[in-house]
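What follows is a structure written as structure tokens; I'll ask about it next.
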Amino acid sequence: MIRRWLSLLVAQVIFQVMVRLISLTIMLAVAIALAPVTLVAAGGLATAWYLGLPPRRLLTAAAWCLPMVITWLIATAVTSGWSAALAVPFHAWLTFWELARAGRVPQAADAVAPAALPLGLLAGALAWAYRIRALRTGAGGFAPDSAVAFDQRQWRHQARTARALIAAPGSVPLIYGREDLLGVGAVIRSTGHRPGRVASIGYQRMRSHQVVVGTTGTGKTTLLLRLWAGFMAAGFRRHAAGLGEPPLLVVLDCKGGSDARKIADRTRRVLRDAGARSTAIWPDEMSLSLWTLPPRQLATTLVDLIEHGTGAAAYYTDVMEALIGLAVEAPAGPPANSQELLSRLEPGWLAAAYATVGTAADHLMIRSASKHLADVALRFRTLFRRLGDGFDGSATFAEADAWYCVLEGTDQISVAEGQARALVDLLASFAARGQVKREILLAVDEFSAVSRRLPIWQLYERARSLGLAVQVSAQSWHGLGVAEDERNRIAATAEGGIWLLRTPQPEPVIALAGTRKQVDTTRQLRRFPFWSRQGSSRLRETPVVDPALIRSLDTGQVAYLYRGGVTYLQVKRLTATAAQVSQEARERPAAKTQAPAPARRALPDVSELLDAAFGTEHSR
Amino acid sequence: MIRAADASDSLIFTGEMYGLQLDHLAGLLGGSQRGATATVSRWTAAGLAESDNLGPGHRWIWLTKAGLAACGLPFTARAPALSQLAHLRAVTAARLALAATPQFTAGQGYWRSERRIRARFGRRIAIREHVPDGEVHWPECTGLAWAGECWAIEAELTPKTVVKTVAIMRELLARTGDYGCEPADILVPGQPQRHARAIYLCSPAARNVVARARDEAGDLADRIEIRPLPADALRRPAS
């Protein structure tokens with residue numbers, strides 16, 4: 001009985017070995033018989049492996065061979081008839097072997113190329129797709145760690161290919177296509193997004209809210225510059241085509257310091273090349289006027305600029321609000337600058353201003369709150385001193401194509417918070433009033449410096465109706481807001497996508513990208529380190545974005561999360577022309593460098609010349 | 001009457017203005033159209049220029065690559081665009097009218113054409129600056145009251161919106177740097193403006209809009225002169 005069982009076992013093994021040998025022999029024979037196709041397939045496979053290409057690229061290459069094949073068939077049909085055209089691949093194959101036997105290899109390759117190239121590329125694509133799929137599902141590979149090693153190797157190959165692509169001049173245009181696509185960089189790999197060579201996003205996505213998360217030194221500024229320049233270039237192109245209003249970019253650099261000036265310089269050069277005629281640097285070169293806000297909003301903004309307490313301090317906040325409201329909405333009109341507001345907070349001014357036109361309630365409020373006037377004036381005097389003269393200018397956002405606002409968030413957090421609050425209020429008012437229509441992108445860089453007192457999510461929720469998109473960038477997930485609720489609100493409403501650079505804690509952001517279905521195969525370990533061919537597969541949900549990959553991203557590598565998919569890309573750095581911000585401005589960042597225009601002498605009369613050349617102004 | 005230019009000056013003039021029509025060339029040469037036709041024949045025979053009936057009116061003449069190279073003009077050779085013919089004629093007429101004045105000769109005025117200005121830009125993308133139709137430079141020490149000034153010349157055939165016209169006026173008169181300069185030099189606070197004044201030469205259709213725009217330009221209005229286009233600026237059929 002045992003002998004019979006052993007004989008059956010041996011027979012079964014011999015049969016399996018025979019079947020495998022026969023299969024391999026047949027496959028080898030077919031591969032040799034179709035040597036041209038086999039060679040092209042092997043070449044395609046090797047190229048795809050080396051460059052980390054998706055199988056789709058080989059299929060595309062095969063499709064591009066079709067015109068050649070069609071031309072070949074038509075040419076054969078014209079010269080030898082349709083029946084000959086149908087048989088020409090077979091004859092080409094025969095010719096190939098005849099020429100190859102005669103040692104005329106180039107001629108042999110030439111004869112069979114029209115048929116072998118597309119078929120070989122197709123076979124290579126199928127083999128490559130099979131290989132990827134087998135390893136992705138865990139069903140392929142000889143060793144348990146084959147799938148992991150394959151994925152890591154392919155990532156290196158894909159990253160190398162992407163770096164090579166962005167190194168080629170003109171390979172990633174800033175904007176292209178009819179849809180005004182913004183070229184950001186070269187695709188490394190993608191999941192759930194359409195694969196391509198150039199990573200791009202549509203202009204409309206730049207008109208939606210976006211979030212950028214990445215630590216220092218990961219290429220965040222390079223990415224932001226690219227996005228800003230693309231936004232400006234596409235916006236101007238659309239405006240020129242009558243498809244939209246001109247763009248306006250407002251950048252709040254909440255970090256400040258000399259680095260901010262250098263980035264401002266680079267930003268201005270880059271934007272200039274993208275078509276922005278003027279980039280104003282606030283407060284170094286241009287000042288905005290806070291006092292152009294509508295009186296009621298001005299009063300609210302002024303009160304919000306002062307940090308309030310709670311409990312008993314709330315009483316003083318109410319008093320302050322009442323006094324500021326009276327000073328700003330006085331019958332004489334709103335104050336024109338900070339000095340005028342302070343003068344209105346002098347004892348007696350409010351009483352005199354409202355003496356004849358104020359209501360009884362106004363007079364009562366002035367009497368009861370007047371004892372706090374000196375304290376309120378002191379707080380605002382201190383506030384204006386710390387804010388500087390950046391809000392006492394005469395400019396509006398309409399006076400430049402882009403504004404780069406430097407907030408000293410590293411040195412003076414409370415000042416930066418106040419400045420950010422005022423700038424955002426000014427911009428919202430500018431957008432809401434719509435006197436000059438612009439398609440606005442507000443970019444808040446290093447948001448964590450001002451997140452405590454800048455409820456950007458409130459702006460998020462009303463920004464779309466104002467034609468205003470908000471782009472928030474921070475070094476980590478926690479930099480996006482003080483509370484988890486705030487952070488979730490900001491990230492969840494980022495309809496334009498999330499740009500994720502290297503960061504030590506990517507999980508909260510990755511969770512927003514969701515999961516995808518993946519086949520997971522378990523196999524028996526026959527003898528370490530080899531798998532057996534038996535096992536089972538199951539479907540499971542895995543994160544779309546791999547957190548380990550995010551933690552190991554190199555400089556300039558970004559994961560773009562959008563609609564449940566992710567594209568990993570290598571950002572193409574924008575190069576710009578010569579320096580813009582003077583050395584003097586860099587060395588004295590806090591000083592306002594705007595010099596008064598020289599007095600223009602009265603222009604001489606040229607009427608005689610112009611009348612002689614063209615006639616008088618009112619002639620004809 | 002304009003000082004008669006010799007054929008080589010006319011060749012450069014033609015290159016600077018993208019192209020010009022035969023009647024203007026005749027005026028430039030100070031002769032008859034027959035003489036101008038003969039000059040054009042010589043140019044075309046030498047491969048320096050081409051001519052054709054691009055639109056209504058007289059034949060247009062423009063320089064070939066060889067012609068531009070002979071003049072030392074670093075421009076790309078191409079026939080004048082059909083959509084630009086009317087505008088090119090208007091600007092050429094304005095240049096000829098200004099050059100015909102004795103003050104222009106006495107003041108050694110120099111017309112820097114739009115084509116020369118644009119040539120400084122190279123092939124940068126999305127350049128959105130407004131480029132005037134010409135600049136007139138008046139060298140110092142010539143005795144004229146406006147010596148040392150630079151004027152921006154704008155020929156307006158069709159009316160734009162007032163807002164856009166005001167924006168262009170502001171840009172022209174606020175600019176401090178030359179065209180093609182470093183971005184930081186375009187608008188430098190404290191530096192003298194590049195254009196002392198802007199001369200608007202308007203068709204009857206555009207005159208009201210330009211006048212309204214000047215009224216809305218505020219302090220800049222004093223630096224804006226409005227005059228009608230020369231009588232021969234509008235396209236007319238060949239006689």
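Protein chains get the first letters and strands the later ones, always in sequence-line order, with residue 1 at the start of each.
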Tell me the closest heavy-atom pair linking B/Ala97 and A/Ala613, and the distance in Å.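 Nearest heavy atoms, B/Ala97 then A/Ala613: CB-O, 3.5 Å.
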Side chains of A/Phe614 and B/Leu201, heavy atoms from C-beta outward: is any pair under 4.5 Å?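 Yes; the side chains approach each other to less than 4.5 Å.
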How about CD on A/Gln204, more than 12 heavy atoms from neighbouring residues, nucleotides or ligands closer than 6.0 Å, or not?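 More than 12 within 6.0 Å, yes.
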What heavy-atom pair brings A/Pro604 and B/Ala145 nearest, and what distance separates the two atoms?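 Smallest heavy-atom distance, with atoms named: CG-O, 3.4 Å.
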Region of B/Ala167 that comes under 4.5 Å of a non-hydrogen atom in chain A: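 Interface part for B/Ala167: neither.
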Run through A/Leu610, A/Leu603, A/Leu609 and flag the one making a side chain to side chain contact (heavy atoms under 4.5 Å, CB included) with B/Glu225.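 Answer after filtering A/Leu610, A/Leu603, A/Leu609: A/Leu610.
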Sort A/Thr279 into side chain, backbone, both or neither according to what part of it lies under 4.5 angstrom from a heavy atom of chain B.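 No part of it gets close to chain B.
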A/Val606 to B/Trp151 - nearest heavy-atom pair and separation: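 Here A/Val606 and B/Trp151 meet closest at CG1-CZ2, 3.5 Å.
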Quick one: CG on A/Asp611 to CZ on B/Arg227, what's the gap to the nearest 0.5 Å?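 Taking CG in A/Asp611 and CZ in B/Arg227, the distance rounds to 4.5 Å.
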Taking side chain as everything from C-beta outward and backbone as N, CA, C, O, which of these in B/Ile199 sits under 4.5 Å from a heavy atom of chain A? Side chain, backbone, both or neither.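 For B/Ile199, the contact with chain A is made by the side chain alone.
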